[in-house]
Number of protein chains: 2
Amino acid sequence: MPDTTRSTDRLPGTRYGNRPTMKDVAARAGVGLKTVSRVVNGEPGVTPDTERRVQEAIDALGFRRNDSARVLRKGRTASIGLVLEDLADPFYGPLSRAVEEVARAHGALLINGSSAEDPEREQELALALCARRVDGLVVIPAGDDHRYLEPEIRAGVATVFVDRPAGRIDADVVLSDNFGGARDGVAHLIAHGHRRIGFIGDMPRIHTAAERLRGYRAAMEDAGIPVEDAWMSLGQTNPERVRRAAEEMLAGPEPVTAIFTGNNRVTVTVIRVLAEHSRRVALVGFDDFELADLLQPGVTVVAQDAAALGRTAAERLFRQLDGGLVAPERIELPTRLITRGSGELPPAD
Amino acid sequence: MPDTTRSTDRLPGTRYGNRPTMKDVAARAGVGLKTVSRVVNGEPGVTPDTERRVQEAIDALGFRRNDSARVLRKGRTASIGLVLEDLADPFYGPLSRAVEEVARAHGALLINGSSAEDPEREQELALALCARRVDGLVVIPAGDDHRYLEPEIRAGVATVFVDRPAGRIDADVVLSDNFGGARDGVAHLIAHGHRRIGFIGDMPRIHTAAERLRGYRAAMEDAGIPVEDAWMSLGQTNPERVRRAAEEMLAGPEPVTAIFTGNNRVTVTVIRVLAEHSRRVALVGFDDFELADLLQPGVTVVAQDAAALGRTAAERLFRQLDGGLVAPERIELPTRLITRGSGELPPAD
DNA sequence: TAGAGCCTGGACAACGTTGTCAGCTGCGCG
DNA sequence: CGCGCAGCTGACAACGTTGTCCAGGCTCTA
């Protein structure tokens, strides 16, 4: 079999494609195995001269400690797992980054995976991470039954859920105030004179979607406005569906004069639909997004702080690992209404 | 010391906080260690009855295989590392996701980290990943000297660079056609009658920035337009600096009539500046971004395909791992000019 | 100068898994 | 009835590291 690896000088004491071990380093430096370990880990009790010899051998061989073996021995991996829905979604980028920063501050690496909103894949991923013995797990749930994590939690895997609560187990969870945020957003529209307000959101089996819907209903009820079925669209949020839903609400003899959208994907689609209409329709969206201020009009949104969600969750996770926590807790972060124009348009009937 | 772990029934044969091992499972099922291993790995040669007993013990104990030990034994981790600049940057989300999908298709997990454009942090991260014995590494370089990876590559870590070439080592690299894309974008502006065209880009020590600048110069030269220094801004791309640069280009007796921006962060800032000006200035930006079509006017861009970059790199990486590759290669992916209005505005002198 | 104590270094086991190999059982066939 | 074979099963070593513990040599003091 031809050797396809890039050829350089073959290293003494090591077979090709195999890495040098501490044993090799020890042999080359003429010291014992444990002495190498001490140097590599910066432990005390090695004379400068010995240390230098060991260091030279390390450099010469290109030795790098094998963390797998280390983990096996020490029990902790200094890595945490993040299971999220889709890394490509602009909402999760900052969240993931925030988790990473906290992990880094604790000397840990981040392993992450996308569940693609598929409960089975979520489970598969989470358990794969557990098999790798991550110290902790941050999960953005796709499914609604997380009992599969019970043995892991019992075995000491710190676990925090983010964005949506865990299903059927008692665990830490960090959420946005979806209900309050939606209620405020809809109340904002009502305050600007709207009564026929549409709501386009995700399937109510998703916790955040259900909460935002509840906020919409609460605001309407507070204002004494009976909600008509035709004003609500709850389901898949692919562009075609959302587009149809928006167009239906805007058609007919009594069209809605404002729309509240349940997440940023929906918001963007609705903006596209509204851009095609001549009549001015007010809009408030849940989730902020880049360039919302540059559109005409600027888009009023209920913003949640993705980075804060991630940071809070990760910090809580490391507090679990430090042994400082007892009972699982539910932490709710406030949302912020950002007015930019689209939510302040008056009703145009 | 109080036990702060959530309390459930203590498992027989395992200490609290310690996980059951195959040995524990074997003891409980009344079989040998190796038999458990066989069941866990789906190896043949186990009677259905034995398998059932083992499976029951596994479920009862909540056993999960320790992949660290497995890796130690087998040599491969089935995980790859991704070092990028910033996970929160919308350009890297899709790229990362694409790498993840390919990894998933090969049964591997993705570990990633952000270098924050800091060469030292890039190295620290990459080497930490190597210590964990990732099978391969996808690197978006922050630094320009990657000789520190030589021992790793020699030891068999598959390595692919993305978006920017590796520094001082010979390795696979997947790039966008930054030069060609920029040249086409600027030529597009020239074709619409512009001659005084500004260029705002990143520091030329960044490869992509240098290439795009080269594209700008080439297009200008092709058209026989001498470039004036006042038309170019090459440096940090924080909003304040970019804003100042744009405003300087637009002031004076002979202002630029069009601007070519070197990346999407710059583009967005320039859009904000232009929105404050009454005079219509043409704009073409490198990198596409969401909602570019909804602005007034729509923003003409040179789009690169982040997902394709990630996918191509990851596939190349796994081909290395499968042993099918010999010489490092440089792969360049085409860019695409997307016209939306801003790049087709005529000069307004 | 001898003894005590400290400092350095190394031998060895253990972490949890998998590969090797040998033993055991039961069955079929001569 | 005995032998061979196949199919299961388990004992054992090894992967590369770290923790424990002990040995040997040095220094310091009485």
Side-chain angles (χ1 to χ4, degrees), chain A residues 13-15 17-55 57-58 61-78 128 130-133 135 155-156, chain B residues 13-15 17-55 57-58 61-78 128 130-133 135 155-156:
Chain A
T14 56
R15 272 161 302 147
N18 265 9
R19 286 169 162 279
T21 70
M22 284 191 178
K23 201 169 149 192
D24 300 318
V25 174
R28 178 168 181 130
V31 300
L33 184 53
K34 181 63 207 201
T35 300
V36 176
S37 172
R38 272 192 271 263
V39 171
V40 169
N41 294 295
E43 287 170 26
V46 181
T47 40
D49 181 60
T50 310
E51 174 165 356
R52 190 185 44 73
R53 281 204 336 271
V54 171
Q55 195 58 55
I58 288 175
L61 295 175
F63 167 80
R64 178 127 11 245
R65 181 179 62 197
N66 184 332
D67 273 357
S68 290
R70 173 164 225 255
V71 161
L72 184 57
R73 203 47 242 259
K74 304 206 76 150
R76 283 237 171 150
T77 53
C130 289
R132 263 150 229 252
R133 295 294 185 266
D135 298 334
Chain B
T14 56
R15 273 159 303 146
N18 265 8
R19 288 170 160 278
T21 70
M22 285 191 176
K23 200 169 150 191
D24 299 318
V25 174
R28 177 166 180 132
V31 301
L33 185 54
K34 181 64 208 201
T35 301
V36 177
S37 172
R38 272 192 271 262
V39 171
V40 169
N41 294 295
E43 288 170 24
V46 181
T47 42
D49 181 59
T50 311
E51 175 166 357
R52 191 186 43 72
R53 281 207 333 274
V54 171
Q55 196 58 57
I58 287 174
L61 295 175
F63 167 80
R64 179 127 11 242
R65 182 179 61 197
N66 184 333
D67 273 357
S68 290
R70 174 166 225 254
V71 162
L72 184 57
R73 200 53 238 260
K74 304 205 76 151
R76 282 236 172 153
T77 54
C130 290
R132 263 147 228 256
R133 295 294 185 268
D135 297 334

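We name chains A, B, ... by the order of the sequence lines, and we start the count at 1 in each one.
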> Taking all non-hydrogen atoms of both residues, which atom of B/Thr77 and which atom of A/Arg132 are closest, and how far apart?
Replying inline: O-NH1, 3.0 Å

> So, does the side chain of B/Lys23 form a donor-acceptor pair with the base of C/dG16 at under 3.5 Å?
Replying inline: no

> Just how far, in rounded Å, is C1' of C/dG9 from CD of A/Glu43?
Replying inline: 13 Å

>> Given C/dT17, C/dG10, D/dC15, identify the nucleotide with an atom nearest to the side chain of B/Asn66.
In response: C/dT17

> In whole angstroms, how far is the C1' atom of D/dT9 from the CZ atom of B/Arg53?
Replying inline: 11 Å

> Looking for any heavy atom pair under 4.0 Å, which part of the strands does B/Lys74 touch: base, sugar-phosphate only, or nothing?
Replying inline: sugar-phosphate

> Whole Å only: how far is the CZ atom of B/Arg76 from the P atom of D/dG16?
Replying inline: 16 Å

>> What's A/Asp67 touching, base or sugar-phosphate or nothing? Going by heavy atoms closer than 4.0 Å.
In response: nothing

Donor-acceptor pairs are to be reported for all side-chain atoms of residues 67-74 of chain B against protein atoms at under 3.5 Å, with residues two or more places apart or in another chain.
residue	atom	partner	partner atom	Å
B/Asp67	OD1	B/Arg65	NE	3.3
B/Arg70	NH2	B/Asn41	OD1	3.2

> Between B/Arg133 (CZ) and C/dT17 (P), how many Å, whole number?
Replying inline: 20 Å

>> Can you tell me if A/Asn41 touches the phosphate of D/dT18, counting only side-chain N or O atoms and a distance under 4.0 Å to OP1 or OP2?
In response: yes

>> Go nucleotide by nucleotide along DNA chain D from the 5' end; which of B/Thr35 and B/Ala69 gets its closest nucleotide reached first?
In response: B/Thr35

>> Students often get this wrong, so: under 4.0 angstrom with heavy atoms, is A/Val71 touching a base, only sugar-phosphate, or nothing?
In response: nothing

>> What contact category does B/Val40 fall into here, base, sugar-phosphate, or nothing, at under 4.0 angstrom with non-hydrogen atoms?
In response: nothing

>> Using whole Å, what does the distance between atom P of nucleotide D/dA14 and atom CG of A/Leu72 come to?
In response: 17 Å

>> Under 4.0 Å from OP1 or OP2 of C/dT18: is there any side-chain N or O of B/Arg70 that close?
In response: yes

>> Please give me the minimum heavy-atom distance between B/Arg38 and B/Pro44, naming the atom from each residue.
In response: CD-O, 3.8 Å

> Is the shortest heavy-atom distance from the side chain of B/Gln55 to the side chain of B/Val39 under 4.5 Å?
Replying inline: yes

> In whole angstrom, what separates B/Asp24's CG from C/dC15's P?
Replying inline: 11 Å

> Given atom CG of A/Leu33 and atom C1' of C/dA14, what is their separation to the nearest angstrom?
Replying inline: 13 Å

>> What's B/Arg38 touching, base or sugar-phosphate or nothing? Going by heavy atoms closer than 4.0 Å.
In response: base

> So, is B/Thr50 close to the D/dT9 phosphate, meaning a side-chain N or O under 4.0 Å from OP1 or OP2?
Replying inline: yes

> If you check the A/Val31 side chain, which of D/dT17, C/dG19, C/dG10 turns out closest?
Replying inline: C/dG10

>> Does C/dT17 have its OP1 or OP2 closer than 4.0 Å to a side-chain nitrogen or oxygen of B/Ser37?
In response: no

>> On the side chain of A/Arg19, is there an atom forming a donor-acceptor pair with the base of D/dG16 - under 3.5 Å, no angle test?
In response: no

>> Both A/Lys34 and B/Arg65 contact DNA chain C. Taking the nearest nucleotide for each, which residue is further toward the 5' end?
In response: A/Lys34

> Which of the following nucleotides, C/dG16, C/dT18, D/dT18, is nearest to the side chain of A/Arg73?
Replying inline: D/dT18

>> Check the phosphate of D/dT9 against B/Thr47, side-chain N and O only, distance under 4.0 Å to OP1 or OP2. Yes or no?
In response: yes

> Between atom CZ in A/Arg52 and atom C1' in C/dT8, what is the gap in whole Å?
Replying inline: 16 Å

> Can we say B/Asp49 and B/Arg53 salt-bridge, meaning some charged N sits less than 4.0 Å from an Asp/Glu carboxylate O?
Replying inline: yes

>> On a heavy-atom basis, which atom in B/Val40 and which in B/Phe63 lie closest, and how many Å separate them?
In response: CG2-CE2, 3.8 Å

